[in-house]
Amino acid sequence: GIRGVQATWSATAPLLKWTSNDPFSLRGLSPAWNQAVIDYVERHRIQLVILAAVWSTYSPNPDFEQMLQATVTKLTKLGVSVAIILDVPKFEGLTPRVIAMRAWQSKSTLDTTSPIEPHRLINRHCDEIIKKVVDKSNKKAKRKNNYKMLTKLFWFSARDVVPPLKGGLL
């Protein structure tokens, strides 16, 4: 079977040397937390790390790209495969209730719950940075003929976030 471990903390970017300032984050303890996660990954020989965050909240920081690159580089040097999940669209309102009501009314469940175009505009900048880091990391892996260490990039459409309901409502 497959098993996993989640190592996250609210409002704390999963990036080496990153200090989060959000009141719900670890603040000054963020770098130590993220280093402890890397140490755990190394000690337990974790094979795959999935990095996920609300990247658009961190990408305006001028050090974002450098810290993301350092994190990916550190993990790949440990022999870890890395996958980065781009921001998932934010839903407004009481999403489960809205989806249930629209399904009950035989209407599309996506018409009012997912502002996909604003999401794409907001995330364009951080997506470009992340893709640049992934490309750079993959060029290094290819030069070394180490295709196992290619960094994967995942993004989700609104259809991926809200599973299709019976009856083809999506």
Side-chain angles (χ1 to χ4, degrees), residues 2-92 114-162:
I2 297 174
R3 62 182 199 147
V5 176
Q6 178 177 339
T8 57
W9 194 278
S10 178
T12 301
L15 304 172
L16 288 173
K17 300 182 182 176
W18 184 274
T19 300
S20 296
N21 295 317
D22 186 280
F24 298 104
S25 73
L26 286 170
R27 297 185 182 218
L29 298 175
S30 300
W33 166 265
N34 288 324
Q35 184 58 54
V37 171
I38 296 288
D39 294 344
Y40 180 91
V41 166
E42 182 176 19
R43 194 169 48 253
H44 294 277
R45 297 187 188 114
I46 304 294
Q47 297 175 350
L48 170 66
V49 169
I50 301 170
L51 298 175
V54 182
W55 299 114
S56 58
T57 61
Y58 307 116
S59 63
N61 184 308
D63 297 326
F64 172 73
E65 182 178 343
Q66 175 189 349
M67 291 182 184
L68 178 60
Q69 186 68 62
T71 304
V72 170
T73 299
K74 176 68 175 175
L75 289 166
T76 55
K77 282 183 178 179
L78 293 174
V80 175
S81 293
V82 179
I84 301 174
I85 299 178
L86 299 180
D87 274 1
V88 174
K90 295 178 182 79
F91 291 88
E92 297 174 4
S114 177
I116 195 70
E117 285 309 314
H119 166 78
R120 287 182 179 143
L121 290 172
I122 290 168
N123 288 287
R124 182 173 290 141
H125 174 70
C126 69
D127 290 355
E128 288 171 1
I129 292 171
I130 292 169
K131 288 173 186 174
K132 183 177 169 184
V133 167
V134 167
D135 288 344
K136 187 175 179 181
S137 176
N138 287 342
K139 283 179 186 174
K140 286 180 187 177
K142 288 176 184 176
R143 274 198 308 270
K144 295 178 180 179
N145 286 327
N146 191 353
Y147 291 91
K148 180 184 172 235
M149 297 315 322
L150 292 178
T151 301
K152 287 90 177 162
L153 183 64
F154 296 93
W155 59 93
F156 296 92
S157 70
R159 289 182 188 272
D160 296 321
V161 175
V162 181

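It should be emphasised that the depicted structure is a prediction, and the values quoted were computed from it without experimental measurement. Counting from 1, the numbers follow the sequence of the chain as shown.
- Atoms CD1 and CG, from I130 and L51 in turn, are 9.0 Å apart once rounded to the nearest 0.5 Å.
- Between K140 and T73 the shortest side-chain heavy-atom distance falls below 4.5 Å.
- Contact record, Q69 with K136: OE1-CD, 3.5 Å, taken as the closest heavy-atom pair.
- Of all non-hydrogen atoms in A13 and N34, the two that sit nearest each other are O-ND2, 2.9 Å.
- Looking at heavy atoms from C-beta onward, W55 lies out of side-chain contact with N123 at the 4.5 angstrom threshold.
- Of all non-hydrogen atoms in E65 and I129, the two that sit nearest each other are CB-CG2, 3.6 Å.
- You'll find the side chain of Q47 stays beyond 4.5 Å of the side chain of S81, heavy atoms only.
- A heavy-atom distance below 4.5 Å is not found between the side chains of V49 and I38.
- Taking a 6.0 Å sphere around CH2 of W9, one finds it holds 12 or fewer heavy atoms contributed by other residues, nucleotides or ligands.
- Here the closest non-hydrogen pair linking W18 and F64 is CZ3-CA, 3.9 Å.
- Taking all atoms of both residues into account, the shortest heavy-atom contact from P60 to S56 is CD-O, 3.3 Å.
- Between T76 and S137, the shortest heavy-atom contact is CG2-OG, 4.3 Å.
- Rounding to the nearest 0.5 angstrom, the gap separating the CG atom in N138 from the NZ atom in K131 is 13.5 Å.
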> What do the steps show when you test K17 against T71 for side chain to side chain contact (heavy atoms under 4.5 Å, CB included), and what is the final call?
Replying inline: CA-CA 9 Å; K17 300 182 182 176; T71 304; over 6 Å; no

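- Inter-residue side-chain proximity for L16 and K74 is flagged as met; some heavy-atom pair is nearer than 4.5 Å.
- Using a distance-only test at 3.5 Å, with no hydrogens or angles considered, a donor-acceptor pair links the side chain of T12 to the main chain of S10.
- Using a 4.5 Å cut-off on side-chain heavy atoms (C-beta onward), I84 and V72 make contact.
- Within the structure, side-chain hydrogen bond (donor to acceptor under 3.5 Å, both in side chains) contacts touching residues 35-46 (residues at least two apart or in different chains) are Q35-D39.
- Within a 6.0 Å radius of CG in L48, more than 12 heavy atoms belonging to other residues, nucleotides or ligands are found.
- Side-chain atoms of L26 and S20, non-hydrogen and from C-beta on, never get closer than 4.5 Å to each other.
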